[in-house]
A.B. asks: 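Have a look at the structure that comes next, please.
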Amino acid sequence: MQKFSAQIKKSGKTIALVPTMGYLHEGHISLVRIAQKVCDATIVSIFVNPAQFGPSEDLNSYPRDLEKDCALLKKEGVETIFTPTPKELYPAGYQTYVNALHLSEHLCGISRPALFKGVTTVLTKLFNIVSPNKAVFGKKDFQQFVIVCQMIKDLNFNIEIIGAPIVREADGLAMSSRNAYLKKNQRKPALSLYKALKQSEQLVKKGEKRAETIIGAALKLINSFDETLIDYISICNLETFEEVKIIDCPVLMALAVKVGKTRLIDNIILSP
Ligand code: PAF
């Protein structure tokens, strides 16, 4: 891969990387289309990264379908798919990790302590291997997007990070590979995340500025379904993820909710 990308660059072409864990959906495809617009060559990596899963998380059951992914990407005109194996990226004796200290201590980092260290480590490796000019990330994982931007700055990567809007199903559910876990009767409870975010947006539109009131209403809506278990609902600073009490500038409202065994995340920017 390193040799291959050096050749592409030698021929004067630019490279955009779309890092994924596979089981691709329309959200990933939207990232691919952005990559194709901003660079000459698009490389999609597919790697279910063991380093970002905690011991009791869904590494083994994470959905995988490489054949279908390759067919989808081929249809989009993607010529290069990079699919390293866990042994190739983390051979015996592997010991170096990259960690964004403070940004990882909020939101998803609290209940998934391994997540962001694993993400920044694997992205460092993928960036060193693929050497892209640009890399595209979806903003459904808003915290991941901000942490990657911080890492690029802190570690002097010469890569432009592009954030892409959340892609939703027709009913509003944010697209995610993990939606494949949802049973038919869990669709409604899963939709409560989006409904709570839209409700919050409406409250802010009507002039509500108190985060506590908005979070309270979201809690009520999501808890009205038996199958939901809230991990967190946070209204916080867009760059630091510190909680805010009064919404007087654009802020992030982010939430993570378990529906049955499936952990879903979603977010919205609330602007007064
Ligand atoms: O967002 C994801 O799918 C993963 O966290 C990423 C960025 C591919 C790193 O494994």
Side-chain angles (χ1 to χ4, degrees), residues 1 15-32 34-35 42-54 57-66 68-70 72-73 78 80-90 94 96-100 103-104 106-109 111-130 132 134-152 155 157 159-167 174-181 254 256 262-267:
M1 187 69 241
I15 298 174
L17 173 67
V18 181
T20 80
M21 298 209 297
Y23 215 72
L24 306 179
H25 50 67
E26 273 303 313
H28 295 111
I29 299 304
S30 76
L31 308 182
V32 167
I34 291 172
T42 294
I43 297 178
V44 176
S45 64
I46 298 180
F47 179 65
V48 183
N49 175 31
Q52 71 189 72
F53 289 79
E57 290 178 7
D58 58 343
L59 172 63
N60 291 330
S61 59
Y62 194 83
R64 293 161 167 90
D65 193 341
L66 188 57
K68 195 169 158 217
D69 288 346
C70 289
L72 259 178
L73 292 172
V78 174
T80 312
I81 306 166
F82 180 49
T83 59
T85 64
K87 269 201 184 144
E88 282 170 322
L89 288 198
Y90 303 108
Y94 187 87
T96 307
Y97 289 85
V98 174
N99 197 15
L103 290 175
S104 302
H106 300 268
L107 308 175
C108 288
S111 52
R112 301 191 62 196
L115 174 62
F116 293 113
K117 186 175 165 192
V119 167
T120 41
T121 298
V122 81
L123 289 176
T124 299
K125 291 171 70 67
L126 291 171
F127 290 164
N128 283 330
I129 295 166
V130 176
K134 303 184 188 206
V136 192
F137 293 85
K139 285 192 180 169
K140 182 174 77 74
D141 298 290
F142 194 89
Q143 187 177 13
Q144 169 173 279
F145 168 70
V146 172
I147 287 176
V148 175
C149 292
Q150 182 72 38
M151 179 184 92
I152 290 293
L155 298 185
F157 278 107
I159 300 172
E160 184 189 329
I161 301 300
I162 299 172
I166 299 175
V167 178
M175 291 214 181
S176 162
S177 304
R178 286 190 171 96
N179 290 351
Y181 295 144
T262 310
R263 187 176 178 280
L264 301 173
I265 59 171
D266 204 344
N267 70 75

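What you are looking at is a predicted structure, and each value in this text was computed from that prediction instead of being measured. Just so you know, ligand 1 is whichever comes first in the structure, and atom 1 is the first atom listed for that ligand.
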A.B. asks: Run the numbers for me: atoms of ligand 1, each under 4.0 Å from some heavy atom of Thr20, listed by number.
C.D. replies: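 Answer for ligand 1: 8 (C).
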A.B. asks: Can you check which of Gln52, Met21, Lys140, Gln144 brings a heavy atom nearest to atom 1 (O) of ligand 1?
C.D. replies: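 Minimum heavy-atom distance to atom 1 (O) of ligand 1 goes to Gln144.
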A.B. asks: Quick one: which ligand 1 atoms are inside 4.0 Å of a heavy atom on Val119?
C.D. replies: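 Result: 5 (O).
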A.B. asks: May I have all residue pairs that pass side chain to side chain donor-acceptor pair (under 3.5 Å) and include part of residues 140-150, sequence neighbours excluded?
C.D. replies: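 Listed once each, the pairs are Gln150-Asp154.
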A.B. asks: Would a line drawn from the ring center of Phe137 to the ring center of Phe145 be shorter than 6.0 Å?
C.D. replies: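 No.
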A.B. asks: Please tabulate, for side-chain N and O atoms in residues 113-124, each donor-acceptor pair with protein atoms closer than 3.5 Å (sequence neighbours left out).
C.D. replies:
residue : atom : partner : partner atom : Å
Thr120  : OG1  : Val98   : O            : 2.7
Thr120  : OG1  : Phe116  : O            : 2.7
Thr120  : OG1  : Lys117  : O            : 3.3
Thr121  : OG1  : Val98   : N            : 2.9
Thr121  : OG1  : Val98   : O            : 3.3
Thr121  : OG1  : Lys117  : O            : 2.6
Thr124  : OG1  : Thr120  : O            : 2.7

A.B. asks: Which atoms of ligand 1 have any heavy atom of Val122 under 4.0 Å away?
C.D. replies: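 By the 4.0 Å cutoff, the relevant atoms are 9 (C), 10 (O).
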A.B. asks: Do Arg178 and Asp58 sit within salt-bridge range, that is, some charged N less than 4.0 Å from a carboxylate O?
C.D. replies: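 Here Arg178 pairs with Asp58 in a salt bridge, since their nearest N and O are under 4.0 Å apart.
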